[in-house]
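Working notes, structure below.
Only a predicted model underlies this, so the values are computations on that prediction, with no experimental measurement involved.
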Amino acid sequence: MGLDIGPDSIKTFGEALDKTQTVIWNGPMGVFEFDKFAVGTETIAKKLAELSGKGVTTIIGGGDSVAAVEKVGLADKMSHISTGGGASLELLEGKPLPGVLALDDA
């Protein structure tokens, strides 16, 4: 059972993140609710906050992801946060969302 990412994965993600201008994060890196499994999630959240400060667009989607950045105290450092994780991904995928379609009819 994978409960968190390890140092090698943290390094790999960090290197990849350094090369981007937009990050969409949907889903924590582990079971961040337990401190001993929160290292990966907290490290990535800190990295995203750092990048956001450098002008990278950081979008956090999904209730667990939002809870994770709030737990670390970095929600205000991100470009955008939304509890609509699955819906956000479907929107990016180009799928019609019933709530948005209803607005078109209003």
Side-chain angles (χ1 to χ4, degrees):
M1 178 183 313
L3 299 172
D4 197 5
I5 59 173
D8 291 342
S9 293
I10 290 171
K11 182 179 182 227
T12 299
F13 281 118
E15 290 170 354
L17 290 168
D18 281 333
K19 300 173 187 172
T20 189
Q21 289 300 305
T22 302
V23 178
I24 300 170
W25 186 18
N26 185 302
M29 310 313 270
V31 186
F32 71 94
E33 296 88 348
F34 298 102
D35 289 340
K36 69 185 202 174
F37 304 124
V39 174
T41 298
E42 291 179 3
T43 303
I44 297 301
K46 289 174 184 174
K47 180 68 172 180
L48 294 181
E50 170 195 326
L51 292 172
S52 190
K54 295 178 179 178
V56 173
T57 300
T58 53
I59 301 168
I60 312 303
D64 286 339
S65 302
V66 172
V69 295
E70 286 178 344
K71 178 183 178 194
V72 184
L74 297 173
D76 63 329
K77 304 291 183 197
M78 306 303 167
S79 304
H80 179 77
I81 60 172
S82 169
T83 56
S88 298
L89 293 177
E90 287 182 7
L91 181 66
L92 289 170
E93 205 177 324
K95 290 184 177 177
L97 301 178
V100 175
L101 291 175
L103 294 173
D104 290 339
D105 295 336

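- Side-chain atoms of S65 come within 3.5 Å of backbone atoms of G27 as a donor-acceptor pair (strictly under, hydrogens ignored).
- Shown here are the side chain to side chain contact (heavy atoms under 4.5 Å, CB included) partners of L103, two or more places apart in sequence or in another chain: there are none.
- How far CG of D104 is from CG of L97: 10.5 Å, rounded to the nearest 0.5 Å.
- Considering all non-hydrogen atoms of both residues, A75 and I81 come closest at CB-CD1, 4.0 Å.
- Between the side chain of D4 and the main chain of G40, a donor-acceptor pair closer than 3.5 Å is present.
- Atom CD of E70 and atom CE of M78 lie 10.5 Å apart (nearest 0.5 Å).
- Looking at every heavy atom in both residues, F37 comes nearest to V31 through CB-O, 3.3 Å.
- Under the salt bridge (charged side-chain N to carboxylate O under 4.0 Å, His left out) criterion, the residue pairs touching residues 6-24 are K11-E15, D18-K47, with sequence neighbours excluded.
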Could you go step by step and tell me if I60 and L48 meet the side-chain contact (heavy atoms from CB on, under 4.5 Å) rule? CA-CA 10 Å; I60 312 303; L48 294 181; 3.9 Å; yes
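- Once rounded to the nearest 0.5 Å, the distance linking CG of L17 with CG of L51 reads 6.0 Å.
- The closest side-chain heavy-atom distance from T43 to I5 is not below 4.5 Å.
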Residue pair W25, V69: steps toward the side-chain contact (heavy atoms from CB on, under 4.5 Å) verdict: CA-CA 11 Å; W25 186 18; V69 295; 3.8 Å; yes
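- Note that the CG atom of L74 and the CG atom of D76 stand 7.5 Å from one another [nearest 0.5 Å].
- With salt bridges taken as basic N to acidic carboxylate O contacts below 4.0 Å, one links E50 and K54.
- A salt bridge is defined here as a Lys NZ or Arg NE, NH1 or NH2 lying under 4.0 Å from an Asp or Glu carboxylate O, and K71 with D35 meets this definition.
- In terms of hydrophobic clustering, with Ile, Leu, Val, Met, Phe, Trp and Tyr side chains grouped at heavy-atom distances under 4.5 Å, V66 and L89 are assigned to different clusters.
- Expressed to the nearest 0.5 Å, how far CG of L92 lies from CD1 of I59 amounts to 7.5 Å.
- Partners of S52 by side-chain hydrogen bond (donor to acceptor under 3.5 Å, both in side chains), not counting sequence neighbours, listed by chain and number: T58.
- I24 and V56 are members of different hydrophobic clusters when ILVMFWY side chains are connected at heavy-atom separations under 4.5 Å.
- Cluster annotation: M29 is not connected to M1 through the hydrophobic network of ILVMFWY side chains, with a link wherever side-chain heavy atoms come within less than 4.5 Å.
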Could you give me the CA-CA distance, side-chain angles and deciding distance for V72 and F32, then say whether side-chain contact (heavy atoms from CB on, under 4.5 Å) is met? CA-CA 10 Å; V72 184; F32 71 94; over 6 Å; no
